[in-house]
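Letters A, B, ... mirror the listed sequences (proteins, then strands); counts begin at 1.
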Amino acid sequence: MPELPEVETVRRGLEPVFVKQTFEKVTVNRPDLRWPFPDNMADRIAGTTVNALRRRSKYILADLDSGETLLIHLGMSGRIQITGATLGGFYHDHVAAQKHDHVIFDMTSGARIVFNDPRRFGAMDLISTADQNAQLLLRKLGPEPLGNTFHADYLVEALAGKKTPIKSALLDQRIIAGLGNIYVCEALFRAGISPEKLAGKVSKARVIALVPIIRNVLEEAIESGGSSLRDYRQADGELGYFQHSFQVYDREGKECAKAGCSGSVKRIVQSGRSSFFCPKCQR
DNA sequence: ATGGGGGCCTGCCGGC
DNA sequence: TGCCGGCAGGCCCCCA
């Protein structure tokens with residue numbers, strides 16, 4: 001389920017068990033996720049210490065003291081579970097192996113980090129820390145929506161003349177990195193822009209307004225995830241995604257959440273993906 | 001070059 | 001209860 005805010009929440013949850021910590025043993029239970037794992041992945045990680053834990057778009061990046069960076073992508077169904085560590089005052093005992101536990105990191109601290117991914121749309125790779133753009137997945141990414149290079153001038157330029165619907169454009173990771181189906185729907189709702197509107201036809205003023213809206217939607221979700229993370233005390237140690245209240249996503253047929261709007265949420269399919277919006281106040 | 005659709009996987013949910 | 005179709009928050013690849 002992970003879009004940028006969920007990935008950032010997971011990254012923050014991993015910090016105490018990864019940063020400055022050392023891998024004792026890495027267990028790899030299958031040869032691949034979406035793609036084959038890099039050669040000797042387990043041996044290249046074991047014995048290294050994590051210098052820093054970063055996020056780029058929906059990728060989690062652990063810089064190892066070996067000069068390599070461990071890249072983790074959660075895909076659609078990837079989950080991370082932490083046991084054997086005291087987190088937020090709660091100690092989680094190791095649990096029995098689950099179906100789809102594909103990679104297990106045992107740290108010298110005693111913490112165990114399990115990557116579980118039923119659909120296997122996730123990915124792991126080892127890349128050069130010094131030359132991360134050698135990784136094609138990272139090279140093509142557009143600006144971070146919460147970073148300095150994402151601003152009004154950029155977005156106006158990036159959308160100019162685009163004949164694709166604004167919904168598709170905002171999902172395009174080359175234009176903006178980290179948005180997924182939910183937060184695009186939510187941002188367009190707040191902006192009052194129809195997902196069907198062609199990107200190049202959205203007025204400049206509305207594109208400019210979209211920038212802080214996108215930032216706010218993401219920041220609120222991260223804040224919400226962060227607070228649930230501080231409190232989380234699930235017995236199995238899973239980094240739970242917070243329950244978040246969406247205004248349009250998955251609300252087909254419900255009344256529009258905008259004050260004073262009498263419309264109702266409609267679901268359409270664009271590029272094979274559901275879009276939720278209020279036809280009355282999103283134009 | 002650019003945009004749309006198919007495909008990758010498994011699990012879950014609603015309808016019959 | 002069981003089966004089946006549809007759907008899922010990502011992303012690459014191919015084709016027009």
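- At B:dG3, none of the side-chain N or O atoms of A:Ser271 fall inside 4.0 Å of OP1 or OP2 (strictly under the cut-off).
- Following rounding to the nearest Å, A:Tyr249 (OH) and C:dC7 (P) show an atom-to-atom distance of 12 Å.
- Put simply, the side chain of A:Arg119 and the base of C:dA8 share a donor and an acceptor less than 3.5 Å apart.
- Summarising the geometry, the separation between CG on A:Asp117 and P on C:dC11 is reported as 12 Å, rounded to the nearest angstrom.
- Computed from coordinates, the A:Leu74 CG to B:dC8 P distance equals 22 Å when rounded to whole Å.
- A:Lys140 comes within 4.0 angstrom of nothing in the nucleic acid, heavy atoms only.
- Proximity note for A:His73 (side chain, C-beta onward) versus B:dG11, C:dC7, C:dG10: the nearest is C:dG10.
- The separation of C:dC7 from B:dG5, taken at their P atoms, amounts to 15 Å, rounded to a whole angstrom.
- Regarding A:Arg30, its CZ atom lies at a distance of 8 Å from the P atom of B:dT10, rounded to whole Å.
- Listed candidates were B:dG4, B:dT10, C:dG10. Nearest to the side chain of A:Arg34 is C:dG10.
- Set against B:dG3, C:dC7, C:dC11, the side chain of A:Thr164 has B:dG3 as its closest nucleotide.
- Contact check for A:Val50 versus A:Asp63: no side-chain heavy atoms found under the 4.5 Å cut-off.
- Side chains of A:Arg44 and A:Val26 form no contact here, defined as non-hydrogen atoms less than 4.5 Å apart.
- Residue contacts for A:Leu137: at a heavy-atom cut-off of 4.0 Å it reaches the sugar-phosphate backbone alone, with no base atom in range.
- Rounded to a whole angstrom, the distance from the P atom of C:dC12 to that of B:dG11 is 24 Å.
- Using a 4.0 Å heavy-atom criterion, one finds that A:Gln270 contacts no nucleic acid atom at all.
- Distances from the side chain of A:Lys162 to the nucleotides B:dG3, B:dG7, B:dT10 place B:dG3 closest.
- Residues A:Arg112 and A:Thr83 have side chains that never bring a donor and an acceptor to within less than 3.5 angstrom of each other.
- Between A:Lys163 and B:dG3 there is no side-chain N or O to OP1 or OP2 distance below 4.0 Å.
- Side-chain nitrogen and oxygen atoms of A:Arg273 include at least one within less than 4.0 Å of the OP1 or OP2 phosphate oxygen of C:dG10.
- Side-chain N/O atoms of A:Arg120 and base N/O atoms of B:dC9 include no donor-acceptor pair closer than 3.5 Å.
- Salt-bridge annotation for A:Arg190 and A:Glu186: absent, with no side-chain N of the basic residue lying under 4.0 Å from a carboxylate O of the acidic one.
- A:Lys58 has a side-chain polar atom (N or O) that falls below the 4.0 Å cut-off from OP1 or OP2 of C:dC11.
- For A:Gly272 and A:Tyr59, each mapped to the nucleotide of DNA chain C holding its nearest heavy atom, the one lying further toward the 5' end belongs to A:Gly272.
- If you take CZ of A:Arg79 and P of C:dA8, they are 17 Å apart, rounded to a whole angstrom.
- Judged by distance alone, the side chains of A:Asp65 and A:Thr48 never bring a donor and an acceptor atom under 3.5 Å apart.
- Across all strands shown, A:Gly180 has heavy atoms under 4.0 Å from sugar-phosphate atoms exclusively, and none from any base.
- Pairing for B:dG11 is with C:dC7, a Watson-Crick or G-U wobble pair whose two hydrogen-bonding atom distances lie under 3.5 Å.
- Using bins of under 30°, 30° to 60° and over 60° for the plane-to-plane angle, the ring pair A:Phe18/A:Phe105 lands in the perpendicular bin.
- In this structure, the side chains of A:Leu64 and A:Asn51 stay at 4.5 Å or more apart for every pair of heavy atoms.
- Distance, A:Ile268 CD1 to B:dG5 P: 12 Å, rounded to whole Å.
- The nearest whole Å value for the distance from the CG atom in A:Leu33 to the C1' atom in C:dC12 is 15 Å.
- With rounding to whole Å, A:Asn116 atom CG is found 12 Å from B:dG11 atom C1'.
- By the 5.5 Å and 30° criteria, A:Phe121 is stacked with the base of B:dC8.
- Of all nucleotides listed (B:dG11, B:dG4, C:dG9), B:dG11 comes nearest to the side chain of A:His100.
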